[in-house]
Asks: 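Here's a structure for you.
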Amino acid sequence: MENFEIYCPKCRYRPASEDRWLCEPGCGTSWNTFWTGGLCPGCAKRWKVTQCPTCDQVSPHRSWYHAPQRSGASTRRKSRKVPTA
């Protein structure tokens, strides 16, 4: 899932490249779940939930992916002055 910001939906922790998750119960493989979109490279189990290593809360894996925030861009329309005669 490219072009997404990845962070915990509960505490906003951003996983580091050295973070690892364990396929348990499963095959016991240790890997970074965000490198594979939640798919264990050892047994091909698709993890639907991911536990945060910081707050220990479990959330749906898909909810960790967020559309990037535009920096400096406003979502509100600028109002224009309308000339009066």
Side-chain angles (χ1 to χ4, degrees):
M1 295 189 124
E2 293 181 36
N3 299 326
F4 284 91
E5 292 180 358
I6 300 172
Y7 55 86
C8 174
K10 307 265 171 89
C11 73
R12 300 182 66 85
Y13 172 74
R14 293 181 180 273
S17 61
E18 61 270 5
D19 286 336
R20 297 291 181 266
W21 283 259
L22 192 61
C23 183
E24 194 173 283
C27 71
T29 296
S30 175
W31 87 108
N32 187 312
T33 189
F34 298 104
W35 291 351
T36 61
L39 183 69
C40 174
C43 67
K45 178 177 180 175
R46 171 74 60 192
W47 285 89
K48 294 185 181 190
V49 296
T50 298
Q51 184 174 11
C52 178
T54 300
C55 71
D56 292 326
Q57 297 295 308
V58 176
S59 302
H61 186 81
R62 291 179 144 248
S63 68
W64 282 71
Y65 298 88
H66 305 272
Q69 298 293 319
R70 289 192 220 168
S71 60
S74 174
T75 57
R76 295 177 60 189
R77 276 189 160 171
K78 292 183 179 180
S79 60
R80 293 187 336 207
K81 288 187 177 183
V82 178
T84 56

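Residues: numbered from 1 along the sequence shown.
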Asks: Determine all donor-acceptor pairs shorter than 3.5 Å in which one atom belongs to a side chain in residues 50-57; sequence neighbours excluded.
Replies:
residue: T50; atom: OG1; partner: H61; partner atom: ND1; Å: 2.6
residue: Q51; atom: NE2; partner: D56; partner atom: O; Å: 3.1

Asks: Side chains of P41 and W35: closer than 4.5 Å at any heavy-atom pair?
Replies: no
Asks: Restricting to non-hydrogen atoms, name the atom on T29 and the atom on C40 that form the minimum distance, rounded to 0.1 Å.
Replies: CB-SG, 3.8 Å
Asks: Of all the heavy-atom pairs spanning S59 and W64, show the shortest one and how long it is.
Replies: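 Taking every non-hydrogen atom into account, CB-NE1, 3.9 Å.
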Asks: Taking the six-membered ring for Trp, are the ring centroids of F34 and W21 within less than 6.0 Å of each other?
Replies: yes
Asks: I'd like to know if the side chain of D19 reaches the main chain of T33, judged simply by a donor and an acceptor atom lying under 3.5 Å from each other, with no hydrogens or angles considered.
Replies: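 Looks like no, no N/O pair under 3.5 Å.
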Asks: List for me each residue that meets side-chain contact (heavy atoms from CB on, under 4.5 Å) alongside S30, sequence neighbours excluded, and say none if there are none.
Replies: R20, L22
Asks: Work out which heavy atom in Y65 is nearest to a heavy atom in G37; give both atom names and the distance.
Replies: OH-CA, 3.6 Å
Asks: Counting N and O atoms only, with roles assigned by atom type, does the side chain of K45 sit under 3.5 Å from a partner on the main chain of C27, one being a donor and the other an acceptor?
Replies: no
Asks: Using modelled atom types only, decide if a donor and an acceptor are shared between the side chain of K10 and the backbone of V58 within a distance under 3.5 Å.
Replies: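 Yes: the side chain of K10 pairs with the backbone of V58.
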Asks: I'd like to check the salt bridge (Lys or Arg N to Asp or Glu O under 4.0 Å) partners of R14; sequence neighbours left out, ordered by chain and number.
Replies: E5
